[in-house]
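Working notes for the structure below.
These values consider heavy atoms only, across backbone and side chains, with no hydrogens, waters or symmetry-generated copies. Whatever order the structure lists them in is the order used to number ligands and atoms, beginning at 1. If you're wondering where the values come from, they're calculated on a predicted model, not measured in any experiment.
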Amino acid sequence: MLEDELPGPTDWGATIGVGPWEGPWPDDPRYDPQLLAEGDRRNVVDRYRYWAVEAIVADLDRRRHPFHVAIENFGHDLNIGTVVRTANAFLAAEVHVVGRRRWNRRGAMVTDRYQHLRHHADVGGLLAFAGEQGLAVVAVDNGPGAAPLETAELPERCVLLFGQEGPGLTEEARAGAALTVSIAQFGSTRSINAGVAAGIAMHAWVRRHADLGAAR
Ligand SMILES: C[S@@+](CC[C@H](N)C(=O)[O-])C[C@H]1O[C@@H](n2cnc3c(N)ncnc32)[C@H](O)[C@@H]1O
């Protein structure tokens with residue numbers, strides 16, 4: 001299919017999800033009356049169909065993993081939406097944006113509604129948070145001295161910290177990390193996209209620590 005033939009967001013929306021609830025309405029308070037009446041075309045897994053956003057978040061909160069994700073945003077990094085969406089898929093505890101508060105939400109595909117987000121003005125704020133919470137800060141970057149992610153022992157309670165396109169992680173972030181890990185590459189490019197790197201690192205955590213029987 002050519003790119004200009006791809007359906008727009010509205011067209012996709014009409015093809016996923018479910019229509020209005022048929023039959024007597026359920027009295028479970030997790031259901032949202034408007035979704036029951038109009039149908040639920042959101043990008044959510046089937047078990048959450050017709051659930052109110054707050055009910056979904058509460059259910060996710062009972063099961064969240066103890067890893068956090070942080071990304072530096074001193075420029076305007078366009079990968080943050082992707083990072084948020086992937087963090088939601090892998091059920092990260094929180095996503096931390098370090099630097100500028102504003103970020104482009106488009107890539108998040110509305111998953112930011114279900115994901116706890118926290119802003120820190122600078123790296124010091126993130127490191128203080130991690131210290132208070134007993135979280136090991138794991139810098140993910142391709143600079144010298146990094147241990148291979150493929151063989152590193154990722155701590156269960158950790159913050160996976162990513163840099164932005166161009167400069168990569170700041171010196172302050174690298175210095176404050178307990179561990180720096182790099183993703184093995186074999187081609188000519190210096191680095192991969194930060195959103196892709198975040199997905200790989202989160203999945204490395206999942207492979208090591210998650211209960212795969214609980215995946216859906
Ligand atoms: C595009 S890279 C930054 C540029 C990079 N420091 C360089 O040498 O050009 C943006 C971010 O993606 C992540 N990243 C990209 N490739 C990576 C790799 N091979 N290993 C670990 N992290 C990587 C890191 O978090 C990095 O800070």
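At least one N/O-N/O distance between I183 and ligand 1 falls below 3.5 Å. The shortest N/O to N/O separation between V181 and ligand 1 does not fall below 3.5 Å. In terms of N/O distances under 3.5 Å, ligand 1 is not approached by N193.
Near I192, the atoms of ligand 1 lying under 4.0 angstrom from a non-hydrogen atom of the residue are 1 (C), 2 (S), 12 (O), 15 (C), 16 (N), 17 (C). Close contacts between ligand 1 and G168 involve ligand atoms 3 (C), 6 (N), 27 (O) [criterion: under 4.0 Å to a heavy atom]. Those atoms of ligand 1 that come under 4.0 Å of a heavy atom in R190, given as number and element, are 7 (C), 8 (O), 9 (O). Under a 4.0 Å criterion applied to the non-hydrogen atoms of E165, ligand 1 contributes the atoms 1 (C). Within ligand 1, counting atoms from 1 as listed, the ones closer than 4.0 Å to a heavy atom of Q164 are 3 (C), 10 (C). If you number the atoms of ligand 1 from 1 as listed, the ones under 4.0 Å from a heavy atom of L169 come out as 27 (O). Against a heavy-atom cut-off of under 4.0 Å, F162 is close to the following atoms of ligand 1: 25 (O).
Under the 4.0 Å criterion applied to side-chain N and carboxylate O atoms, D59 and R30 are not assigned as salt-bridge partners. A salt bridge does not link E94 with R64: every distance from a Lys NZ or Arg NE/NH1/NH2 to an Asp or Glu carboxylate oxygen is 4.0 Å or more.
Aromatic ring centres of H209 and F67 lie farther apart than the 6.0 Å criterion allows.
L91 CG to R63 CZ: the interatomic distance, rounded to the nearest 0.5 Å, is 5.5 Å. Taken from CG in L179 to CG in L154, the straight-line distance is 7.0 Å, to the nearest 0.5 Å.
A donor-acceptor contact shorter than 3.5 Å is absent between the side chain of R105 and the backbone of I80. In this structure, W51 contributes its side chain and D32 its backbone to no donor-acceptor pair below 3.5 Å. When atom types are taken as modelled, the side chain of Q115 and the backbone of R85 share no donor-acceptor pair closer than 3.5 angstrom.
Of the protein's non-hydrogen atoms, the one nearest atom 19 (N) of ligand 1 is Q185 OE1, 2.7 Å. Scanning the protein heavy atoms around atom 26 (C) of ligand 1, the nearest turns out to be D141 OD1, 3.1 Å. Ranking the protein heavy atoms by distance from atom 11 (C) of ligand 1 puts G163 O, 3.5 Å first. The shortest contact between atom 25 (O) of ligand 1 and any protein heavy atom is with V140 O, 2.6 Å. Considering only non-hydrogen protein atoms, atom 5 (C) of ligand 1 sits nearest to N142 OD1, 3.5 Å. Considering only non-hydrogen protein atoms, atom 23 (C) of ligand 1 sits nearest to A197 CB, 3.8 Å. Atom 4 (C) of ligand 1 has G166 O, 3.4 Å as its closest protein atom, hydrogens excluded (heavy atom only).
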Pair N73, H119 - check side chain to side chain donor-acceptor pair (under 3.5 Å), show working. CA-CA 10 Å; N73 185 36; H119 173 254; over 6 Å; no

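Cluster membership check: I16 does not share its hydrophobic cluster with L35, using side-chain heavy-atom separations under 4.5 Å among Ile, Leu, Val, Met, Phe, Trp and Tyr. Under the 4.5 Å side-chain heavy-atom criterion for ILVMFWY residues, a single connected hydrophobic cluster contains both I71 and F90.
Ring geometry, Y50 versus W21: the interplanar angle exceeds 60°, so the pair is classed perpendicular (tilted spans 30 to 60°).
Using a 4.0 Å cutoff on heavy atoms, A184 does not count as a contact of ligand 1.
Residue nearest to atom 2 (S) of ligand 1, selected from A194, S191, A198, G195: S191 (by heavy-atom distance).
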